[in-house]
*Asks:* 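Please see the structure below; I have some questions.
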There are 2 protein chains.
Amino acid sequence: MQISSRFTIAVHIFACIDTFQNQEKLTSNFLASSVNVNPVIIRNILSQLKAAGLVKVQRGSGGASLAKSPKEITFLDIYHAVECIENGELFHFHENPSQQCPVGRNIHHVLDDKLQQVQNALENELQKITLADVFKDTKYYIDKESQS
Amino acid sequence: MQISSRFTIAVHIFACIDTFQNQEKLTSNFLASSVNVNPVIIRNILSQLKAAGLVKVQRGSGGASLAKSPKEITFLDIYHAVECIENGELFHFHENPSQQCPVGRNIHHVLDDKLQQVQNALENELQKITLADVFKDTKYYIDKESQS
DNA sequence: TTATGTTGTAATGTCAACCATTACAATTTA
DNA sequence: TAAATTGTAATGGTTGACATTACAACATAA
């Protein structure tokens, strides 16, 4: 299975926050029209990001803003915030291998550390990328547009 | 979302093939009782592994066997065989970011290489682990059982 | 304080994927 | 030919993703 589009939507939201912070009121409606999804999707994702301490959201007046510096928010933070898997486990292990079978009895011993190793590789890479990288590149591409 | 249990089931099947190859007839029924799922699930996974050139399956007489040496079959091979995502893409990108919005227009430019980098990290790690590792550890744990 | 705009969230619906199960045709072997 | 087994289609239950409507809770400006 794939990682839900909530992840890319969340990064898109952050890119909008940075790009438009002083020009536009960053309401769920505004963000929804940039991402092109229903405003409620945006609100739910903002809720998850807020619960993870990554954004601040104002009720009534509207507007979302960063709760930390862009350098301190990694893709891993965002992934954990929006991807709701129990214990963050990447692999879904089949539930009840037979305890009567020598292989069934030991398959967890054999596999658990290997699966963990793969998950760690994924998470390490996610941790290397921050919103600072995203904001820098977003500015670069938008500036490039206005030149030509 | 999580990687489907088809992956761990597939590795479990391989461990059974190696452990029981000369002692038992490796039918879908036998494998199903070790994994503890319906035999049809086993047959479907064996079909996918066969299509990927990883196993041979005999009809009628029953029995599955490796199509390559254990050293040559990596977790990445199994992952690709069993996980049916288009182009093997790990991330599901939201479909239609607004082309009216500067951020929406450029979000793919900004993100695509970063997502690819994460996917590569995952796949590289999957490629490091082979069935030879699994078979070695399976033997180790089963031998350890019979000692005590 | 009231009107307005906005977020938070519940409820509902559609769709796709996963996994289970039954059934039976196709195939192999004894 | 009979028995065993795989291949695969059909069906159903369950869950998660995403969309949408509706409205209560809350903040701000007049």
Side-chain angles (χ1 to χ4, degrees), chain A residues 1-10 12-13 17 24-33 35-52 55-65 67 79 81-86 88-97, chain B residues 1-10 12-13 17 24-33 35-52 55-65 67 79 81-86 88-97:
Chain A
M1 277 292 301
Q2 289 181 303
I3 291 170
S4 151
S5 65
R6 279 197 306 275
F7 179 79
T8 56
I9 292 175
H12 187 140
I13 289 172
I17 291 177
E24 306 278 350
K25 201 157 67 159
L26 289 158
T27 66
S28 61
N29 261 304
F30 176 79
L31 294 167
S33 68
V35 176
N36 212 355
V37 295
N38 193 284
V40 175
I41 305 288
I42 300 290
R43 284 182 221 146
N44 285 333
I45 293 176
L46 279 175
S47 266
Q48 295 180 295
L49 296 174
K50 187 179 156 191
V55 298
K56 292 176 189 163
V57 185
Q58 262 103 44
R59 216 166 185 176
S61 69
S65 57
Y79 171 75
V82 300
E83 202 70 16
C84 36
I85 12 180
E86 210 147 334
E89 293 197 336
L90 179 60
F91 291 91
H92 178 13
F93 213 113
H94 51 289
E95 306 286 346
N96 293 309
Chain B
M1 274 295 299
Q2 289 181 304
I3 290 170
S4 152
S5 65
R6 278 197 306 276
F7 179 80
T8 57
I9 293 176
H12 186 139
I13 289 172
I17 290 177
E24 306 276 351
K25 201 157 67 160
L26 289 157
T27 66
S28 62
N29 260 303
F30 175 81
L31 294 167
S33 68
V35 176
N36 213 356
V37 294
N38 193 284
V40 176
I41 306 290
I42 301 290
R43 286 182 221 149
N44 285 334
I45 292 176
L46 278 176
S47 266
Q48 294 180 295
L49 296 174
K50 187 179 156 191
V55 297
K56 292 175 190 163
V57 185
Q58 263 103 44
R59 219 167 182 173
S61 69
S65 57
Y79 172 75
V82 143
E83 202 71 17
C84 35
I85 11 179
E86 212 147 335
E89 293 196 334
L90 179 60
F91 291 91
H92 178 13
F93 213 111
H94 51 289
E95 307 286 346
N96 296 307

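Naming convention: chains lettered A, B, ... in sequence-line order (proteins, then strands); numbering from 1 in each chain. What you see is a predicted model; the values in this text were computed from it and never measured.
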*Asks:* Below 30° counts as parallel, above 60° as perpendicular, anything between as tilted: where do the rings of B:F7 and A:F91 land?
*Replies:* tilted
*Asks:* Rounding to an integer number of Å, can you tell me how far B:R59 CZ sits from D:dA3 C1'?
*Replies:* 15 Å
*Asks:* Got a minute to check which stems DNA chain D is part of, using Watson-Crick or G-U wobble pairs under 3.5 Å, three or more consecutive?
*Replies:* C:1-30 with D:1-30
*Asks:* Rounded to the nearest angstrom, tell me the gap between atom CG in B:N38 and atom P in D:dA10.
*Replies:* 18 Å
*Asks:* Under a criterion of less than 4.0 angstrom to any heavy atom of chain B, what are the 5'-terminal and 3'-terminal contacting nucleotides of DNA chain C?
*Replies:* C:dC18 to C:dT29
*Asks:* If you compare every side-chain N and O of B:S28 against the phosphate oxygens of D:dT5 (OP1, OP2), does one of them come in below 4.0 Å?
*Replies:* no
*Asks:* Under 3.5 Å, sequence neighbours excluded: what are the donor-acceptor pairs made by side chains of residues 40-49 of chain A?
*Replies:*
from: A:R43; atom 1: NE; to: A:S28; atom 2: OG; distance (Å): 3.1
from: A:N44; atom 1: ND2; to: A:V40; atom 2: O; distance (Å): 3.4

*Asks:* Is there a donor-acceptor pair under 3.5 Å between the side chain of A:Q2 and the backbone N or O of B:E89?
*Replies:* yes
*Asks:* Name the nucleic acid region contacted by B:V40, choosing base, sugar-phosphate or nothing; use a 4.0 angstrom heavy-atom cut-off, strictly under.
*Replies:* base
*Asks:* I need the CZ-P distance between B:F30 and D:dT5, as an integer number of Å.
*Replies:* 13 Å
*Asks:* Heavy-atom nearest nucleotide on DNA chain D for B:R43 versus A:P39: which residue maps closer to 5'?
*Replies:* B:R43
*Asks:* Without decimals, in angstroms, what is the distance between A:I3 CD1 and D:dA17 C1'?
*Replies:* 15 Å
*Asks:* Measure from the side chain of A:S5, starting at C-beta and using heavy atoms only, and say which of D:dG7, D:dT6, D:dC18 lies closest.
*Replies:* D:dC18
*Asks:* Check the distance between D:dT5's C1' and B:L31's CG and give it to me in whole angstrom.
*Replies:* 12 Å
*Asks:* Give the rounded distance in Å between these two atoms: NZ of A:K56 and C1' of D:dA27.
*Replies:* 17 Å
*Asks:* My understanding is that only residues two or more places apart in sequence, or in another chain, count here; which of them pass ring-ring contact (aromatic ring centres under 6.0 Å, His included) with B:F30?
*Replies:* B:F20
*Asks:* Give a yes/no on whether any side-chain N or O of A:R6 is located under 4.0 angstrom from OP1 or OP2 of D:dA17.
*Replies:* yes
*Asks:* From CZ of B:F91 over to C1' of D:dA17, roughly how many Å is that when rounded to an integer?
*Replies:* 17 Å
*Asks:* Pick the nucleotide of DNA chain C nearest each of A:M1 and A:A64; which residue has the one closer to the 5' end?
*Replies:* A:A64
*Asks:* For B:T27, which residues count as a side chain to side chain donor-acceptor pair (under 3.5 Å) partner, sequence neighbours excluded?
*Replies:* none
*Asks:* For B:H92 and D:dA17, what is the distance between atoms NE2 and P respectively, to the nearest whole Å?
*Replies:* 11 Å
*Asks:* Spell out, as yes or no, whether a donor-acceptor pair under 3.5 Å connects the side chain of A:N36 to the backbone of B:N96.
*Replies:* yes
*Asks:* Work out which heavy atom in A:F93 is nearest to a heavy atom in B:T8; give both atom names and the distance.
*Replies:* CA-OG1, 3.6 Å
*Asks:* Of the non-hydrogen atoms in B:I17 and B:S65, which two are nearest, and what is the gap between them?
*Replies:* CG2-CA, 4.1 Å
*Asks:* Any side-chain N or O of B:K25 below 4.0 angstrom from OP1/OP2 of D:dA4?
*Replies:* no
*Asks:* Who passes side chain to side chain donor-acceptor pair (under 3.5 Å) against A:H92, sequence neighbours left out?
*Replies:* none
*Asks:* Does A:I9 or B:S47 map to a spot on DNA chain D nearer the 5' end, using the closest nucleotide for each?
*Replies:* B:S47
*Asks:* Would A:S4 and B:M1 count as a side chain to side chain contact (heavy atoms under 4.5 Å, CB included) if you check the C-alpha gap in whole Å, the side-chain angles of each, and the deciding distance to 0.1 Å?
*Replies:* CA-CA 7 Å; A:S4 151; B:M1 274 295 299; 5.7 Å; no
